[in-house]
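Structure first, commentary second.
In listed order, ligands and their atoms are each counted from 1.
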Amino acid sequence: MDLSYLAANLADVRERVAAACRAAGRDPSEVVILPVSKTFGPEVVRAAMALGLRRFGENKVQEIRDKAAVLADSGIAWVVIGHLQTNKAKDVARLASEVQSLDRLELAEALDRRLRHEGRQLDVLIEVKTSPEESKHGLPPEQLPGFLDALRAYDSLRVRGLMTMAVHSDDVGAVRACFRRLRELRDAAQARGHALPRLSMGMSGDFPLAVAEGATEVRIGTAIFGNRAHS
Ligand SMILES: *Cc1c(COP(=O)(O)O)cnc(C)c1O
């Protein structure tokens, strides 16, 4: 992939994030961009590294395995953002720096067991389902309080915040309501004593709305790497 193409896209995304921050009265340093490299090969990740990027979001553990094998010792932090099957816990404990799609206790249990085995800890975000779409994953919002309490039992999981995918819609109000919902759930949980500083929300098509609602991290694939052949 052409480096100048990636560099121009990245600069554009950074500028749009900064503009969204200014419009919301926020400091641009409050919002991290997570580049989502799913479906792009290790050579594209390497090109992105030449631009200074070190964290990459992936939605399939097998893809992390394949890329990590080629890019060994490159110091990349792989971030799992996709729905995670419990039987992938072993690879995640070995390869990932972070999971943003924790959505059930069975998975927390499996990750914790494997992480203990590896002698590691992992930052996790809880994925919450804020959209009615069948295709979206995540914990039902009403289960969040109990889930947060239950996670206290797993020492190897450092719960840092919440993640969501908004409804896929042209209705700006409906999209924004998903992001607002996540922030309100976070605020309510913090009032009950759970420290949840991070809100991962917003993708290429909707990140300005997420920034307006308090995102601390936006997950950007297409706007940086271009269209995916399939996903
Ligand atoms: C693919 C993906 C993204 C990035 O999507 P784009 O629209 O390409 O920016 C963000 N979050 C999750 C969970 C994804 O699977």
Against heavy atoms of [X], which atoms of ligand 1 measure under 4.0 Å?
X    : value
I220 : 9 (O)
M165 : 13 (C)
T222 : 6 (P), 7 (O), 8 (O), 9 (O)

message: Please state which option from G226, G138, S204, G202 has its nearest heavy atom closest to atom 7 (O) of ligand 1.
response: S204
task: Give yes if a backbone or side-chain nitrogen or oxygen of N59 is under 3.5 Å from a nitrogen or oxygen of ligand 1, and no if not.
output: no
message: What I want to know is whether G221 and ligand 1 share at least one N or O pair that is separated by under 3.5 angstrom.
response: yes
Report the nearest protein non-hydrogen atom to [atom]: residue, atom name, distance rounded to 0.1 Å.
atom                    : result
atom 15 (O) of ligand 1 : K38 NZ, 2.7 Å
atom 10 (C) of ligand 1 : M203 SD, 3.2 Å
atom 11 (N) of ligand 1 : R219 NE, 2.9 Å

Would you say [X] and [Y] are hydrophobically clustered, going by side-chain heavy atoms of ILVMFWY under 4.5 Å?
X    : Y    : result
M203 : F40  : no
V99  : L199 : yes
L34  : F56  : no

- prompt: Contact between R228 and ligand 1, counting heavy atoms under 4.0 Å?
  reply: yes
- prompt: At a non-hydrogen distance cut-off of under 4.0 Å, which region of Q100 contacts ligand 1 (side chain, backbone, both, or neither)?
  reply: neither
- prompt: Of the backbone atoms (N, CA, C, O) and the side-chain heavy atoms from C-beta on, which set of I81 has a member under 4.0 Å from an atom of ligand 1: side chain, backbone, both, or neither?
  reply: both
field: Any side-chain heavy-atom pair of V44 and F225 under 4.5 Å
entry: yes
Rounded distance (nearest 0.5 Å) linking atom OG1 of T86 with atom CG of L84: 7.5 Å
query: Atom CG of L10 and atom CG of L53: how far apart are they, to the nearest 0.5 Å?
result: 5.5 Å
query: Is the shortest distance from a Lys or Arg side-chain nitrogen in E213 or R181 to a carboxylate oxygen in the other one below 4.0 Å?
result: no
- prompt: Taking R198 as the fixed residue, which of R186, M163, Q100 is the one that meets the side-chain contact (heavy atoms from CB on, under 4.5 Å) rule?
  reply: Q100
